[in-house]
Structures are given as C-alpha cells and as structure tokens.
Amino acid sequence: MTRKILRINMTDLTATYEDIPEKWAKWAGRGLTTAIVYDEVDPSVHPLGPNNKLVIAPGWVSGTPAAPSSGRTSFGGKSPLTGTIKESNSGGLSSQKLGRLGIAAIILEGQPKDGKWYYIHIDKDGVTFHDASDLLGKGMEEVDRIMWERHPNEPAVIGIGPVGEHLSANAGISVNDPENNPGRYAGRGGLGAVMGARHVKAIVVDDKGGPGVEIKNKELFTQGRRKLTKAILAHDITKPDGGLNLYGTDVLMNIINEAGGLPTRNFSSGQFEGAAKISGEMIHEMVEKRQAGMTGHACHPGCVIQCSNIYPGPDGSIIASPIEYETAFALGANCGIDDLDFVAYLTKECNDLGLDTIEMGNTLAIAMEAGLIEFGDKVGALALMEEIRKDTPLGRILASGVATTARVFGVHRVPVVKGQSMPAYEPRAIKGIGFTYATSTMGADHTSGYTIAPEILGTGQKVDPFTYEGKAELSLAFQATTAFIDSTGYCLFIAFPILDIQEGFEGMVESVAGVMGWDIGPNDVVELGKEILKMERLFNERAGFNKEHDRMPEFMRYEPLPPHNVVWDVPDEELDKVYAWVHEG
Amino acid sequence: MRVEVRLFATLRRYVPDLQVGEALTLEVPEGTTPRDLLAQLGIPPDDVKIIMRNGRHIGLDDPLADGDRIAFIPAVGGG
C-alpha cells in the first residue's frame with residue numbers, strides 16, 4: 001500500500017487519509033516532520049495556539065521486516081521551549097506500528113470547540129475519538145496501563161503526563177516500550193505541550209492486520225539491511241556484550257568525567273567526584289547484586305543493540321526504566337547527586353509526570369544554584385518534583401525549564417542556547433559539540449551533531465577536543481548526516497558502527513533506497529541531510545532567529561572550567577561558518 | 001615514580017577485585033609508558049581504544065610522569 005498522510009483535525013473531530021503530495025513524497029521521519037511543519041505552520045504562530053501542529057512520522061524503514069534497530073518515531077512542530085522548529089525522536093513501540101499501518105505521518109491540528117479532552121485510537125479500520133476526561137491528571141504509568149486494559153493487541157501508546165496537560169514548556173511526549181513502561185521520550189523542546197494544546201492526552205496505535213510497509217526493491221533492501229546488521233553486530237561499541245549492550249549509554253559517565261567534560265553542579269565543573277557511583281558500570285553492578293531489573297534491554301522490538309535498562313530498587317522492585325547517560329548526568333552530576341537510587345526515583349517522576357529528564361535535571365540544578373535547596377540534596381530534589389506533581393505555582397515554574405526558572409530566581413549561569421539547556425558534554429572542554437549546541441536548529445542538543453564520537457571516543461576519526469580549527473565543518477557534517485539518519489527510523493546509535501565500517505554505511509543507504517525504489521548511494525546522504533537542515537534553518541529565520549542566536553552563554557566565555565581551566569574561546573565567525581551555505585548558491 | 005590507573009567498562013575484568021571507580025596506585029620505573037602498564041596488568045593493547053592522562057588523550061608509547069592519572073578505556077559510545 002502506498003503511504004498516506006493521516007490528518008486529524010481536533011476542531012471538528014475528523015480524520016482523513018490523504019495522498020502524499022509530491023513535495024513531501026521523498027521524506028520520512030525527521031525529513032517529513034520538518035517538511036510538513038515548514039509548509040503548514042506559519043513560523044510566527046504561538047506554539048500553544050490554535051495554529052501550531054504536531055506532526056508524527058515513522059522513518060523510511062520503520063515497520064519493514066528485520067531492519068535492525070529501526071524503531072524511532074519523529075515528532076515535529078514549533079517548540080514552546082525554544083520558539084524554533086523542533087524535531088524530537090523516540091524509541092518505543094509507535095514507529096513500526098505506524099509504518100505497518102501505511103501511515104507516513106500524522107498531522108494533528110486544531111483544538112476541540114467544546115474544550116474537552118480526547119484520546120485517539122488508530123488501527124487498520126481507521127480512527128476513533130474517545131473521551132479522555134477520566135485520564136486527566138494521571139501520570140503516564142497509569143495511562144499506559146489503562147490503555148492496554150481497554151484496547152487489545154498491546155498497542156503503542158503515545159501520551160502526555162500532567163505537565164503536558166498544563167502546557168508546560170518542558171513537557172515531553174512518552175512512548176511505551178515492549179513492557180508498557182512509559183520511559184521512551186521525545187523529550188526535548190516541549191512538544192508534549194503542543195500535543196496538550198490540541199487537547200489530546202494519548203494516541204493509541206494498533207497495527208494488527210495492517211497492510212505493512214511497501215518495499216519497492218526488495219533485493220536491494222535485503223542486501224542493505226544485512227550489511228547494516230552485520231556492521232552493528234561486529235563493531236566493538238554496538239556488538240552483543242559490547243560497551244552499549246552491557247552498560248547502556250551511561251557507560252559514558254566515567255569516560256566524559258575522565259576527560260573533564262562532565263557538566264557538574266550547574267556547569268561549574270567538568271569533573272564530578274561521585275561520577276563512578278552513577279555510572280553505567282554501577283547500573284550493571286546493581287542489577288547483578290539485586291538480582292532484579294536488567295541491562296541489555298530493547299526499547300523496541302527488533303533492536304540488535306539493546307542498550308536500555310530496567311533499574312531495580314534495594315528491595316528488588318523496579319524503580320525506573322531506563323537510566324540513560326543524559327538522565328544520570330542531569331539528575332545526578334549536574335545536581336551534585338551521587339546516589340543512583342535517587343537518580344532512578346527522580347527519573348521515575350520525570351517519566352510519569354511527562355518531563356524531559358535533561359531539562360528537568362538542569363532545572364533542579366538552577367534551583368540549587370538559586371539556593372532553594374543545596375547541591376546534592378537528593379531528598380530536597382524529590383520534594384521539588386512533588387511541587388510539580390501537586391501543580392503548585394513553584395511546580396509550574398520548574399516545569400517550564402532552565403531559562404524560565406533561572407529568570408524567576410535571578411540566576412545568571414544559564415547553560416542554554418535558544419532557550420534549551422545543554423546536555424551532558426561541556427562545550428568549554430569539548431569544543432566541537434559547542435559548535436553543534438550553538439548552531440543546531442533545535443537549540444542546545446547533542447544528538448543533532450554528535451562530534452563527541454571523533455573528539456572523545458575516537459570513532460570514525462580522532463580530533464583534538466580542545467581546539468576549534470575545522471570544527472565548523474565537522475559539526476556540519478555530523479548535523480547533515482544526523483538529519484538523514486533521523487529520517488530513516490534507525491536509531492542514531494547505528495552511527496557508531498557505520499562511521500568505522502563503510503559496508504555498514506552502504507547498507508543503511510541501500511535499505512532506504514530499497515524501500516523507496518531510489519538509486520542513491522552514500523555520497524547522497526549529506527546533501528539530503530542538508531535539504532532538511534535548510535528547511536529548519538529558514539523556518540527559524542522566519543520565526544525571528546539569526547546568527548546572533550547561535551551563541552554560547554556569556555558565563556562560558558569568562559568562567560574557566562575545572563579541571564582543565566578552559567573557557568569558550570571560539571570566535572563568533574567560526575560558528576557562523578556552520579550555516580553559511582544556506583544563503584550561498 | 002607513582003601513577004594512578006583507572007580501568008573502565010569491560011577492562012575492569014582484568015583486575016577482578018577492582019571496584020567501580022576504584023583507582024590502582026602503581027609504583028613504576030621512570031620512563032614507563034601506557035604499553036608497559038598494560039603489560040603489567042595483563043591487558044592486551046588491542047582491547048584499549050582510548051588512553052587518557054590527566055584528562056587528555058595520549059598514545060601507547062608516550063612516557064608518563066610521576067603523579068599522572070591514567071585511564072584505559074575500551075571502545076564505548078552512547079549519547
């Protein structure tokens with residue numbers, strides 16, 4: 001079956017399946033969410049108003065048989081946190097199910113005239129709207145459970161917690177995993193509030209009996225997915241019992257700490273004395289010691305990397321899933337908290353309430369810097385989360401993210417770019433990632449151009465993290481390649497093997513070309529990625545952003561970061577090189 | 001001279017009783033290199049992807065100095 005656009009209009013509660021217009025026909029995943037937002041959302045609209053839209057798209061290969069680690073769903077819209085265009089993608093069950101229903105994208109638009117809240121059920125027979133009034137105020141753990149009780153076939157549940165209902169700027173969108181836990185998030189940029197502004201609490205996707213994904217050239221697809229799978233299984237980072245599989249993403253905690261690039265206590269140091277206690281090695285040890293939970297968990301069916309985990313408490317009951325490096329950095333090191341159980345308790349609160357863990361941890365760090373509680377006060381941090389759950393005015397402030405909280409409490413050390421706070425790599429000590437934070441169309445974001453691979457991990461190539469020469473080109477190459485990978489439906493972690501193994505890179509491209517019936521090769525990846533970046537960049541320009549917004553926070557220019565005592569010393573002209581091509585030729 | 005050595009991720013298996021984050025303090029002769037340390041610890045150099053001295057990348061044959069903090073890291077990634 002040819003892919004369709006599913007347009008869901010909440011104003012008149014209608015759902016229509018539309019043919020894909022030619023201008024969008026080649027895109028999927030991030031490429032498609034971006035193209036639709038670029039064409040249909042006026043960059044000047046208010047993100048929470050009636051004219052913003054939430055676009056949800058599986059990737060090119062999502063839902064195909066045996067494409068490895070291909071469960072990413074892209075979510076796009078105009079961000080309430082940054083005011084820029086936003087694409088945030090998540091693992092979990094939704095991508096493959098949407099793909100198998102033949103849905104290229106859902107466009108969620110409008111607002112109910114009656115002010116009521118709904119949840120939406122999608123299956124092979126179409127779309128039904130359901131009263132969601134009994135779900136309001138409920139956390140995602142309960143929402144996921146209720147949806148599986150009410151609807152058969154263990155469907156995907158895309159949902160928002162209470163903070164999404166409140167239209168808070170740090171509301172993420174949850175996707176359930178195979179165990180029906182709510183921990184997979186399109187977290188960044190407040191897209192949960194965009195969904196909440198449509199008065200949609202959840203979207204339930206059941207693919208049973210769906211037509212499946214049309215594959216135009218099966219032979220090429222099969223050849224490609226085999227080459228890619230082989231590369232993933234062979235590479236030291238992604239192979240079974242490799243670093244990611246055994247210890248999860250939090251294997252990076254000790255490494256980045258050793259490099260002096262672990263943001264600690266609201267970005268005042270690059271090293272945390274308690275790093276080992278909240279590291280991936282410690283997660284692995286606790287799972288073994290407590291004989292509960294697991295490492296090597298798959299966030300979606302068919303993942304061959306399996307980097308997720310389920311973290312057990314002291315009594316063997318499950319606290320939260322997953323504890324990622326970003327989560328442990330933000331709720332741990334950056335808050336001065338070295339207790340893994342409390343990192344897990346805080347993660348559970350974020351996952352249930354519907355918050356991005358990066359932005360939330362960084363916000364707690366701002367609250368600590370402001371003196372609401374002390375750095376390292378893990379009990380106090382949980383008490384602040386309770387303010388969000390009780391929906392107090394303080395809770396509303398904290399759920400609005402770093403920039404708002406810092407403004408309210410008069411904090412000037414504010415690690416944000418375009419309103420979005422920085423992830424787990426200190427740009428003063430790792431310059432290339434700073435280029436990505438500063439210039440990304442998304443605000444400060446590591447996934448959009450992960451130069452950590454060559455700067456710290458020695459993947460693909462090795463470059464010096466402390467210098468800025470050549471980093472504009474490096475960051476652009478990563479940003480463009482990432483925009484392509486974010487459109488495939490493949491997890492970004494396939495980048496580790498394919499950066500080193502050319503056959504794997506070819507395999508990724510061939511699998512996409514096979515699905516779409518294209519004749520493209522590895523050399524087309526960067527150009528296709530740049531097409532996506534250009535739409536995003538132009539949207540942002542029309543929303544009022546220019547190169548002066550591609551800057552690092554001032555404190556990083558004058559506060560030396562221990563232990564290397566380095567500042568952000570990159571000239572602005574270097575940053576401006578990254579996107580200079582948009583208006584040239 | 002004395003150096004502090006940390007082993008991360010899968011490399012910790014080579015020193016079974018080493019706790020997560022625990023450092024080994026080794027007394028070694030002047031001119032010792034990371035390659036010498038690996039030989040002493042029984043770790044094949046092929047298993048090591050990244051070597052850091054005091055937070056900066058170095059090579060297998062760079063001579064070490066008294067008081068250096070050394071980290072041996074296998075191939076890892078995340079995000």
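In what follows, every chain begins at residue 1, and chains take the letters A, B, ... in the order their sequences are listed. Values in this document were obtained by computation on a predicted structure and should not be read as measured data.
Contact annotation: the side chain of F8(B) never approaches that of V251(A) to less than 4.5 Å [non-hydrogen atoms, C-beta and beyond].
Neither the backbone nor the side chain of E22(B) comes within less than 4.5 Å of any heavy atom of chain A. Only the side chain of S279(A) comes within contact range of chain B, with at least one heavy atom under 4.5 Å from a heavy atom of that chain. With a threshold of 4.5 angstrom between heavy atoms, L246(A) approaches chain B through side-chain atoms but not through N, CA, C or O. With a threshold of 4.5 angstrom between heavy atoms, Y425(A) approaches chain B through side-chain atoms but not through N, CA, C or O. Contact of N257(A) with chain B is made through the side chain alone, with heavy-atom distances under 4.5 Å. For I456(A), the parts sitting under 4.5 Å from any heavy atom of chain B are the backbone and the side chain alike. Heavy atoms closer than 4.5 Å to chain B are found in both the backbone and the side chain of E281(A). The part of L252(A) that comes within reach of chain B is its side chain, from C-beta onward, which places non-hydrogen atoms under 4.5 angstrom from that chain.
Under the rule for a side chain to side chain donor-acceptor pair (under 3.5 Å), the partners of E426(A) that lie at least two apart in sequence or sit in another chain are R428(A). Qualifying ring-ring contact (aromatic ring centres under 6.0 Å, His included) partners for Y311(A), counting only residues two or more places apart in sequence or in other chains: none.
Listed by sequence position, K49(B), I50(B), M52(B), N54(B), G55(B), R56(B), H57(B) are the residues of residues 49-64 of chain B in contact with chain A, using a 4.5 angstrom heavy-atom cutoff. Contacts between residues 268-278 of chain A and chain B, defined by a heavy-atom separation under 4.5 Å, are made by Q271(A), A276(A).
Residue V76(B) comes nearest to I237(A) through the heavy atom pair O-CD1, 3.3 Å, listed as atom of the first residue, atom of the second, then distance. What you find for A75(B) and D236(A) is that their closest heavy atoms are CB-CB, 3.5 Å.
Ranked by heavy-atom pairs shorter than 4.5 Å toward chain B, the options H284(A), H235(A), E258(A) are led by E258(A). The most heavy-atom pairs under 4.5 Å with chain B, out of T249(A), D250(A), I305(A), T447(A), come from T249(A). Ranked by heavy-atom pairs under 4.5 Å with chain B, the list F329(A), F466(A), F496(A) is led by F466(A). Ranked by non-hydrogen atom pairs under 4.5 Å with chain B, the options H564(A), M282(A), H446(A) are led by H564(A). The candidate with the highest count of non-hydrogen atom pairs below 4.5 Å against chain A, out of A71(B), P74(B), G21(B), G79(B), is G79(B).
Expressed to the nearest 0.5 Å, how far CZ of R12(B) lies from CD of E285(A) amounts to 5.5 Å.
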